[in-house]
Number of protein chains: 2
Amino acid sequence: MSTISKEDYIKAIYTDQQRNGKNVSATYLAGKLNVSKAAVSDMGKKLANQGFIKYEAYRGATITKKGEKLALNLLRRHRLWEVFLMDVLKLDWGEVHEEAEKLEHLTSEKLIDAIDKYLHYPKFDPHGHPIPNKLGEFPHTPAVVSLKESQIKKKYRIVRFDDESFELMKYFSRLGISLYSEIYLSDRLEFDDSVFVEVAGRTQALSSKIAERIFVTELEAKDD
Amino acid sequence: MSTISKEDYIKAIYTDQQRNGKNVSATYLAGKLNVSKAAVSDMGKKLANQGFIKYEAYRGATITKKGEKLALNLLRRHRLWEVFLMDVLKLDWGEVHEEAEKLEHLTSEKLIDAIDKYLHYPKFDPHGHPIPNKLGEFPHTPAVVSLKESQIKKKYRIVRFDDESFELMKYFSRLGISLYSEIYLSDRLEFDDSVFVEVAGRTQALSSKIAERIFVTELEAKDD
DNA sequence: AAGCAAATTTAAGTATACTTAAATTATTTG
DNA sequence: CAAATAATTTAAGTATACTTAAATTTGCTT
Ligand SMILES: [Mn+2]
Ligand SMILES: [Mn+2]
Ligand SMILES: [Mn+2]
Ligand SMILES: [Mn+2]
C-alpha cells in the first residue's frame, strides 16, 4: 500500500503545505525528492487514486485527511529516531537526519512505541520540531516567530531550527548558537534584512535566509 | 549495487551453505524467501554477474568471497539489532527477529558501530549466534554439538538456539529452557530420536527436530 | 488579447523484481 | 536403462518507479 517512495512524497507534500499554505508544486517536489517533474506527475496521480492527496493537473498537490495521518505518523517516527540517535547513540548532526530519513520507513508501531517509552515521551526533536503522539496530536507549543519577523532590541529564546540540513546545524554550533539558547536581537539591516544577534557572549551577523530558519519565543525584558 | 532483496538472497545463501555444506538449491531459496523458483533462477544469474555468488544452472548457488563479506556484514547488523531490541528496548521474541530483518538493510556502518559500542561489543546475540566484528571475524567459540548428536547421561550448557522462529523460542521459555541453562540429557528414544532432558527442575521430552536446533557444550560431570 | 516562457503532462522507454505456464534437465526407480 | 518424477530454467507478462523528449497548459507581459 505505501512504499518508501510514496511515504517520502507524502511527507514532503504535508510539510511544504504546512509551511507555505498553498498547493505543493511539481517543481518543488521534483527538487526536494531528486526526481524528474514527470515522475512527480506520475506519482501524483497514483497517490491521488489511493486517497493520500488531491492532485489537480497543472496545479499541484494538497494533502487529504488520510495523507495527513500517514504524514504525522512519519513525522513521529522520524523525530523520535532523531532524538534516539542523538541522545542515546551519540551520533552527530551529520548522521542523524540521514539515518532517520531511512529508518522512519521501516519502523513498526511497536518499535517506535518502545523508543518513545525509552526516551520518556519527548515532545521535541533535536531541532525543536514537535513530535506528534500516537494519535497524531502535536504537543501544545507557545507562539513562535522566526528571527526574521521578530523585533530588534528584544531578548528571545531559540526554540526551533526549521531546517534539517547538516551544514546549517554545524554552522550554528560553531557560533555557539544552540537550541534553547538565549539570544538578543540587537539590530537589523534594511538593505538585506540581515540581523545582528548577541549570543554566547558574542555578536554575530546572520543573513535573512538563515534568520528565517531560526524560531524563537520572546523573553521578558531583563531589567539589569 | 545491493538492494534489500539481493541482501536477503545473499544472507540466505551464505547461512544455508554454512549449515549444510552443499550448494544452495533454488527450491530452498524459493521457500525461504517466499518467491517463485523462477524468481530465484533470475536473481541467481544477476547475483552471479555481480560476483556475489557462483550460480550453476540446475545445481544451485555457492557464495564467493565478495558475497561472504556482505553476508557477514549483514549478520553483524542483524544480530546487533537483535541484542539492542531485546536488551535495550525490551521487545520480545515475537518482534525482535522480524524488526532486525528489516533494519539490517538500512543501517549504516556508523550507526551499527554506535550500537555495537553502546552495547559494549557483545559477542553473541539473544539466540547465542556469534556476532562478527567490523572485520567479519567471528568470536572464538568453544566446540558445540546439537542436542541431537550429544550423549545421554551427561550434563550440558545450552549455548545456542539455531532457529530464528518466534514459535520455538516461546515454547522454550514456557519450558524454562533458556540460553545458558544447564541441562541433563537423561535418555534418547531409538524409535524417533526424541530426547529426555532435565532442565529447570523438570523432565521434558523434545522431538529430534527440536533437539537438532539446540546447541550445547559439555559440562564436567558433577560429582555430588 | 496575443504571444511567450515557464510549468506540467504525456508518451515512450528502462531497470528491478516479481508472477504463471511451458519447456528443459536431473534424478530416482522399476 | 528407460520412464516417470522432481527440480529448474525459459518465456512471456505485470507492477513500480523511474528516465528523456515532445506536447500541452498556464500565467505573464506587452
Ligand atoms: Mn524518508
Ligand atoms: Mn528534526
Ligand atoms: Mn532482511
Ligand atoms: Mn539471532
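Model, not experiment: these values are computed from the prediction. Here is the naming used below: chain letters follow the sequence lines, and residue numbers restart at 1 for every chain.
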Nearest-0.5 Å distance, CD of residue E212(A) to OG of residue S146(A):
6.5 Å

Where the side chain of V35(B) is concerned, which of dT9(C), dC18(C), dT24(C) is the nearest nucleotide?
dC18(C)

Check this one for me: any side-chain N or O of S5(A) less than 4.0 Å away from OP1 or OP2 of dC18(D)?
yes

Taking the ring of H78(B) and the ring of H97(B), is the distance between their centroids below 6.0 Å?
yes

Please give, in whole Å, the distance from dA17(D) C1' to E7(A) CD?
15 Å

Which residues pass the side chain to side chain donor-acceptor pair (under 3.5 Å) test with E137(B), not counting sequence neighbours?
N133(B)

Any S25(B) side-chain nitrogen or oxygen under 4.0 Å from OP1 or OP2 of dA7(D):
no

Just by distance, with hydrogens left out, do Q17(A) and T62(A) show a side-chain donor and acceptor under 3.5 Å apart?
no

Any residue of residues 36-57 of chain A with a heavy atom less than 4.0 Å from an atom of DNA chain C
K37(A), A38(A), S41(A), K45(A), Y55(A), A57(A)

Show which side-chain atoms of residues 86-93 of chain B pair as donor or acceptor with protein atoms under 3.5 Å away, not counting sequence neighbours.
| from | atom 1 | to | atom 2 | distance (Å) |
| --- | --- | --- | --- | --- |
| K90(B) | NZ | D87(B) | O | 2.9 |
| D92(B) | OD1 | G94(B) | N | 2.9 |

What are the two closest non-hydrogen atoms of V96(A) and L85(A), and how far apart are they?
O-CD1, 3.8 Å

Please list, in numerical order, the residues of residues 8-21 of chain A that have a heavy atom closer than 4.0 Å to any atom of DNA chain C.
none

To the nearest angstrom, how far is K22(A) atom NZ from dA7(C) atom C1'?
14 Å

What is the distance, rounded to the nearest whole Å, between atom CG of L29(B) and atom P of dC18(C)?
12 Å

Phosphate contact (dT16(C) OP1 or OP2) by T3(B) side-chain N/O below 4.0 Å:
no

What is the distance from CD1 of I4(B) to P of dT16(D), rounded to the nearest Å?
17 Å

Counting only side-chain nitrogens and oxygens, does R59(A) get under 4.0 Å of the OP1 or OP2 atom of dG27(D)?
yes

Please tabulate, for the side chains in residues 21-37 of chain A, all donor-acceptor contacts under 3.5 angstrom to protein atoms that are two or more places apart in sequence or on a different chain.
| from | atom 1 | to | atom 2 | distance (Å) |
| --- | --- | --- | --- | --- |
| N23(A) | ND2 | R59(A) | O | 2.7 |
| S25(A) | OG | Y28(A) | N | 3.0 |
| S36(A) | OG | A39(A) | N | 3.1 |

Could you state the atom-to-atom distance from OH of Y58(A) to P of dT24(D) in whole Å?
9 Å

Under the ring pair (Phe, Tyr, Trp, His ring centres under 6.0 Å) test, which residues partner F161(B), sequence neighbours left out?
F172(B)

Check whether R79(B) reaches the backbone of P130(B) with its side chain - one donor and one acceptor, N or O, closer than 3.5 Å.
yes

